[in-house]
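Nothing fancy with the numbering, it's 1 onward along the sequence. One-based numbering, in listed order, for ligands and for the atoms of each.
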Amino acid sequence: MNGAEMAGSVAVVENVWGEAFDKLARTHDVRWEPDAWVDDDLLRHTLSGAQAVVVRNKARMTAEMLAAAPDLRIVARAGTGLDNIDLDAADNAGVVVSAALGVNAMSVAEHTLALALAVLREIPAHDRGVRNGEWNRSSGRELSGKTWGLLGFGATGMAVARVLRGFDVRVLAYDPYVDPAAADVREAGVTVTGWDEVLGSADVLSVHLPATRETRHVLSDEAFAAIRPGAVLVSAGRGEVIDESALAAALRSGTVAGAGLDVRESEPPGRSPLDAHPTVIYTPHVAGLTVESQERIASVLADDVQAVLAGRRAVNAVGKHDLWTPA
Ligand SMILES: NC(=O)c1ccc[n+]([C@@H]2O[C@H](COP(=O)([O-])OP(=O)(O)OC[C@H]3O[C@@H](n4cnc5c(N)ncnc54)[C@H](O)[C@@H]3O)[C@@H](O)[C@H]2O)c1
Ligand SMILES: O=C(O)[C@H](O)CS(=O)(=O)O
C-alpha cells in the first residue's frame with residue numbers, strides 16, 4: 001500500500017512492541033518516534049496530523065497537547081495506569097481513550113511474588129556473596145503461614161491473590177472502592193478490611209495503587225508507624241504512593257525489614273538513601289513487562305486503533321467515548 005491508500009495515520013511516541021503493532025503498520029501510516037515523549041515540542045510535532053497515538057506511561061497527554069493535535073481520534077494507552085492522560089480533556093475533545101486495563105495483571109502478580117520471595121530469602125545478597133567467594137548459609141524466612149496485605153484490590157491485587165492460592169497464606173486487602181460482597185471478591189478468598197488492620201497484620205504488604213491525588217504518599221511516616229514490625233514491602237503500583245524518605249527511616253528503624261521496589265517516586269530515580277540498604281531490591285518498572293503481556297496489549301490496542309479509525313467502536317475505551325465524536 002502506498003501512503004495515500006493507508007487507512008489512517010498513527011504516531012507511536014513511546015517504546016511499545018508486539019506483532020499486532022507491526023501488522024498495523026502494514027495497513028496504516030505508522031510513525032515510530034519512541035523518544036517523542038521526552039520533549040513537549042517534539043511530541044507536539046509528532047502528533048501533528050496523527051489520527052491515533054500510542055503511548056505508554058510517559059507521554060503527557062494534557063489538554064494543551066490534545067488541543068495541538070486536532071486530527072486525533074484515539075489515544076491508545078499500552079498499559080494500565082492513566083496518570084499521564086487527561087481523561088476529562090480527551091472526553092471534551094471527543095477523543096477515545098483506549099487502555100489495556102488488566103491485560104498485564106498476571107505479569108505484575110508473578111513479579112510481585114518474585115520480589116517478595118527474593119527479599120524473604122535474601123536472594124540478591126546471596127548471589128552477590130557467592131560471586132565474591134563467600135558461602136554465607138544464613139536463614140531466610142518462609143512465606144507459608146504468614147499474612148499478606150494488599151493495598152489496592154483491582155486487577156493486579158486480584159491477580160496476586162490468585163497466585164497466592166498456591167501458598168498457605170491469609171490474604172487481607174484494603175480497597176474502599178470494591179464491594180466485599182461481589183462474587184469475584186468472595187471467590188478470591190480474600191478478606192477486604194480496613195487500612196489499620198491490613199497495615200497492622202501484614203507480614204508482606206504489596207502496593208497496587210494508582211497515582212491519584214488521594215494516594216500520593218499514603219505510605220508516610222504515620223503509615224509506617226502503624227505497620228507490623230518486620231514487615232516486607234513490595235511496591236508494584238505507582239512510586240508516588242510511597243514517601244521514600246519515610247520508607248528509608250522505617251528501614252533504618254527495622255519497622256520495615258526489606259522492600260522490593262519496582263516503581264519509584266521519580267523514574268529513572270537519582271541516588272537515594274534506599275540504595276545503601278542491603279534488604280532493598282529494585283527492578284526498573286518491569287513488573288508488567290513480559291513478552292506475553294506486551295503481545296496481548298499490542299493485540300487489543302491495535303484492534304481498537306483500527307476500529308476507531310474505521311469509524312467503529314473501541315472495545316477497551318476508558319473515557320466517555322468509545323467512538324470518535326468530533327467536538
Ligand atoms: N509496575 C508495573 O509494571 C505496573 C503494571 C500495571 C499497573 N501498574 C500500576 O498499578 C496500578 C494498579 O493496577 P491495576 O491493574 O490493579 O489497576 P486497577 O484500576 O484494576 O486497580 C486499582 C485499584 O486501586 C483502588 N484504589 C484507587 N484509589 C484507592 C485508594 N485511595 N485506596 C485504596 N484503593 C484505591 C481502586 O479501587 C482499584 O480497585 C495502575 O494504576 C498502574 O499505575 C503498574
Ligand atoms: O501502568 C502500567 O501498565 C505499567 O506501569 C507498565 S507501563 O505501561 O506504564 O510501562
Side-chain angles (χ1 to χ4, degrees), residues 12-18 34 37 54-61 75-85 87 97-115 149-163 172-180 182 184-185 188 190 192-199 205-220 223 234-242 260-265 267-268 281-290 292-298 300-301 316 318:
V12 179
V13 299
E14 293 194 54
N15 193 15
V16 298
W17 55 94
W37 63 271
V54 181
V55 303
R56 193 180 274 286
N57 65 328
K58 291 288 190 193
R60 291 178 56 251
M61 299 306 296
V75 176
R77 164 62 171 104
T80 302
L82 297 170
D83 36 305
N84 55 321
I85 300 171
L87 262 189
V97 178
S98 177
L101 299 188
V103 178
N104 56 14
M106 194 40 76
S107 302
V108 173
E110 290 181 2
H111 196 81
T112 300
L113 256 289
L115 285 175
L150 296 164
L151 297 182
F153 196 46
T156 54
M158 188 79 85
V160 171
R162 210 173 304 137
V163 173
L172 307 178
Y174 170 73
D175 190 326
Y177 302 104
V178 304
D179 174 5
D184 57 342
V185 175
V190 169
V192 177
T193 182
W195 172 256
D196 289 340
E197 191 182 348
V198 175
L199 256 48
L205 186 67
S206 63
V207 187
H208 306 280
L209 295 171
T212 65
R213 262 188 230 117
E214 210 184 33
T215 60
R216 182 175 162 74
H217 282 188
V218 281
L219 285 167
S220 57
V234 177
S235 181
R238 279 290 178 268
E240 294 89 331
V241 172
I242 296 176
L261 306 178
D262 183 55
V263 289
R264 303 294 302 279
E265 274 192 276
E267 295 182 4
I281 298 174
Y282 300 127
T283 49
H285 199 150
V286 292
L289 295 192
T290 55
E292 294 83 356
S293 70
Q294 299 312 292
E295 290 295 346
R296 290 193 297 268
I297 287 172
V300 299
L301 288 187
N316 302 284
V318 291

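With atom 37 (O) of ligand 1 as the reference point, the heavy atom nearest to it among Val207, Val198, Asp175, Thr112 is part of Asp175. Of the candidates Gly81, Ala236, Gly154, it is Ala236 that places a heavy atom closest to atom 44 (C) of ligand 1. Among Pro210, Gly152, Ala109, Ala159, the residue whose heavy atom lies nearest to atom 41 (O) of ligand 1 is Pro210. For atom 34 (N) of ligand 1, the choice among Thr283, Leu209, Thr215 with the nearest heavy atom turns out to be Leu209.
Atoms of ligand 1 found under 4.0 Å from any heavy atom of Asp262 (numbered from 1 in listed order, with element): 1 (N), 2 (C), 3 (O). Each of the atoms 15 (O), 16 (O), 18 (P), 20 (O), 21 (O) of ligand 1 lies under 4.0 Å from some heavy atom of Ala155. Those atoms of ligand 1 with a heavy atom of Phe153 less than 4.0 angstrom away are 39 (O). Near Ala287, meaning under 4.0 Å from any of its heavy atoms, are these atoms of ligand 1: 1 (N), 2 (C), 3 (O). Close contacts between ligand 1 and His285 involve ligand atoms 1 (N), 2 (C), 3 (O) [criterion: under 4.0 Å to a heavy atom]. Each of the atoms 32 (N), 33 (C), 34 (N) of ligand 1 lies under 4.0 Å from some heavy atom of Pro176. Contact atoms of ligand 1 toward Tyr174: 32 (N), 33 (C) (distance under 4.0 Å to a heavy atom of the residue). Of all the atoms in ligand 2, the ones that sit under 4.0 Å from a non-hydrogen atom of Ala78 are 8 (O). Every atom of ligand 1 is numbered from 1 in the order shown, and the set under 4.0 Å from a heavy atom of Asn104 is 5 (C), 6 (C).
Within the 4.0 Å heavy-atom cutoff, Val108 counts among the residues contacting ligand 1. The shortest heavy-atom distance from Gly288 to ligand 2 is not under 4.0 Å. The closest approach between a heavy atom of His285 and any atom of ligand 2 is below 4.0 Å.
Neither the backbone nor the side chain of Leu151 comes within 4.0 Å of ligand 1, counting heavy atoms alone. In Arg77, the part holding a heavy atom less than 4.0 Å from any atom of ligand 2 is the side chain. Under 4.0 Å from ligand 1, the heavy atoms of Val263 that appear belong solely to its side chain. When non-hydrogen atoms are compared, ligand 1 lies under 4.0 Å from the backbone of Thr156 as well as from its side chain. At a heavy-atom cutoff of 4.0 Å, ligand 2 is contacted by no atom of Ala100, backbone or side chain. Under 4.0 Å from ligand 2, not a single heavy atom of Val263 appears.
With no hydrogens or angles considered, no side-chain donor-acceptor pair links Asn316 and Ser98 at under 3.5 Å.
No donor-acceptor pair closer than 3.5 Å links the side chain of Glu14 to the backbone N or O of Trp37. Using a distance-only test at 3.5 Å, with no hydrogens or angles considered, no donor-acceptor pair links the side chain of Asn84 to the main chain of Arg60. In this structure a side-chain-to-backbone donor-acceptor pair under 3.5 Å is missing from Glu197 to Gly194.
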* **side chain to side chain contact (heavy atoms under 4.5 Å, CB included) between His208 and Thr112, intermediate numbers included** => CA-CA 10 Å; His208 306 280; Thr112 300; 3.6 Å; yes

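Of all protein heavy atoms, the one closest to atom 28 (N) of ligand 1 is Tyr177 CE1, 3.6 Å. For atom 3 (O) of ligand 2, the nearest protein heavy atom (residue, atom name, distance) is Thr80 N, 2.7 Å. When hydrogens are left out, the protein atom nearest atom 7 (C) of ligand 1 is Thr80 CB, 3.8 Å; that is the closest non-hydrogen contact.
Inclusion of Arg238 in the set of residues having an N or O under 3.5 Å from an N or O of ligand 1 is warranted. Taking any N or O of Gly157, backbone or side chain, none lies under 3.5 Å from an N or O belonging to ligand 1. Of the N or O atoms in Glu214, one or more lie within a sub-3.5 Å distance of an N or O in ligand 1. Between Gly79 and ligand 2, not a single N/O pair is under 3.5 Å apart.
Remark: atom 19 (O) of ligand 1 lies closer than 4.0 Å to no protein heavy atom.
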